[in-house]
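Both backbone and side-chain heavy atoms feed into the values below; hydrogens, waters and symmetry mates do not.
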Amino acid sequence: MSMSMSPPPESNIPWEVLTLVATNLDPKTLATASSVSKQWCTTMTSDHLWAHPCTTHFPSISHLHSTTLPYHRLYNLGFTATKRRHLPPPQPSITLQNLLFIITLTTSTSPPLTITKPCTELALDPNSLFRFDIEVNDHQKWSKYEVLGDTRVTWNVVLGGYEGVFTMMDCKGRGSFYSGSDGWFTAGLPVAGWWSGGGSSGLVAEMRVAVREEVGGDGRRGLVGSVSVGVLSVVSWRYVCVDDSLRYLQHFLEP
């Protein structure tokens, strides 16, 4: 003989008892209990049960309460929004291994001098900050290049295979550069995203051209000793971490 399964009957617990129990439950337990049955759902979502938790935990939205937006729904909206705020940012879709740095120096008396460095050849900062030192000792032209007051620097970041390029800075220095007076160059970075209203991204690209002094028959000359590049936050004036910089760059580099 076959037996058919029938749904469980509605709870016969009086609503007064359910309400008395519900007043001692926390929001998480109330939400769980509301899924037991229609009777429990009606009781466990009553406005008088959710008014205090909602106004206590999410006072900034509790005033939106209405007949179509009861307190239990407002609490759920606030709880969900809070969880999203604490979610870790997604991993960047590009890595340092995908990038090339192309740095060019130009003066009024010398042709452009360019160095291309795959990020795989650069030492990673011990604190995983987006800051890199580029030695030029093994590049004869660089180590003999004189840095003048009108030196112009360009820093391009290229996605491997030249699938994308982003200009981090293109600016001119000021003053004379000799040993002990290195060249510092900064450029504000544009906003990444759909917003086209202008403004600042809160990020700054920075380049330091370390100058070494050479004294010869023609006097003193300031030559390139090394180059350092990085990205800073204007809020803290500290270097940004690698992952945050990659998340920013991928907007401009990915096809």
So CG of D133 and CG of L122: to nearest 0.5 Å the spacing works out to 9.0 Å
Kindly determine whether F166 and L249 satisfy side chain to side chain contact (heavy atoms under 4.5 Å, CB included), including the steps that lead there.
-> CA-CA 8 Å; F166 177 63; L249 287 170; 3.6 Å; yes
Looking only at heavy atoms, which two atoms of S245 and V231 are closest? And how far apart?
-> OG-CB, 4.1 Å
Contact check, side chains of L189 and V204, non-hydrogen atoms, under 4.5 Å = no
Test item: C171 and V153 side chains (from C-beta on) under 4.5 Å apart, heavy atoms = yes
Please tell me if the side chains of T19 and H48 come closer than 4.5 Å, counting only heavy atoms from C-beta onward.
-> yes
Where does the angle between the aromatic ring planes of F130 and F101 fall among parallel (under 30°), tilted (30 to 60°) and perpendicular (over 60°)?
-> perpendicular
T23 to L49 - nearest heavy-atom pair and separation | CG2-CD2, 3.7 Å
Got a sec: does the NE2 of H57 have more than 12 other heavy atoms crowding it under 6.0 Å?
-> yes
Pairs involving residues 90-106, ordered by first then second residue, that meet side chain to side chain donor-acceptor pair (under 3.5 Å) (sequence neighbours left out) = S93-Q250, S93-E254, T95-Q97, T95-N98, T104-T114
Just by distance, do the side chain of W184 and the backbone of E206 share a donor-acceptor pair under 3.5 Å?
-> no
Evaluate the criterion side chain to side chain contact (heavy atoms under 4.5 Å, CB included) for residue pair T154 and M168; output intermediate values, then yes/no.
-> CA-CA 8 Å; T154 305; M168 300 287 279; over 6 Å; no
Side-chain touch F132/S228, heavy atoms, less than 4.5 angstrom = no
Point-to-point distance, once rounded to the nearest 0.5 Å, from CG of L246 to CG of L99 | 6.0 Å
Determine the minimum heavy-atom distance between S201 and P190, stating which atoms define it.
-> CB-O, 3.2 Å
Atom of C41, atom of T45 and distance for their closest heavy-atom approach = O-OG1, 2.6 Å
Check against side chain to side chain contact (heavy atoms under 4.5 Å, CB included), E135 and S226 = CA-CA 5 Å; E135 296 298 330; S226 64; 4.0 Å; yes
May I ask you to decide if P90's main-chain N or O and R247's side chain share a donor-acceptor pair within less than 3.5 Å?
-> yes
Would you say the side chain of F185 lies within less than 4.5 Å of the side chain of M169, judging by non-hydrogen atoms?
-> yes
Closest contact, heavy atoms only, L30 versus A22 = CD2-O, 3.8 Å
Working for side chain to side chain contact (heavy atoms under 4.5 Å, CB included), residues Y248 and L203 | CA-CA 10 Å; Y248 172 81; L203 299 176; 3.8 Å; yes
Would you indicate whether the side-chain heavy atoms of S34 and W40 approach each other to under 4.5 Å?
-> no
Residue pair L74 / H65, side-chain heavy-atom distance below 4.5 Å | yes
Starting at CZ of R212, measure out to CG of L223 and round the result to the nearest 0.5 Å.
-> 4.5 Å
Under 3.5 Å: donor-acceptor pair, side chain of H63, backbone of S60 = yes
Is there a side-chain contact between I102 and V158, using heavy atoms and a 4.5 Å cut-off?
-> yes
Does T56 reach the main-chain N or O of P53 with its side chain, forming a donor-acceptor pair under 3.5 Å?
-> no
Is the side chain of S46 donor-acceptor paired with the backbone N or O of T43 at a distance under 3.5 Å, no angle test?
-> yes
If every non-hydrogen atom of A205 is compared with every non-hydrogen atom of W155, which pair is closest and at what distance?
-> CB-CZ3, 4.0 Å
Is a side-chain donor or acceptor of N127 paired with a backbone partner of L129 at a separation under 3.5 angstrom?
-> no
Can you tell me how far CG of D244 sits from OG of S233, rounded to the nearest 0.5 angstrom?
-> 9.5 Å
Residue pairs passing the side chain to side chain donor-acceptor pair (under 3.5 Å) test with at least one member in residues 70-90, sequence neighbours excluded, are none
Interatomic distance, L124 atom CG to C119 atom SG [nearest 0.5 angstrom] = 10.0 Å
Any donor-acceptor pair under 3.5 Å from T29 side chain to L25 backbone = no
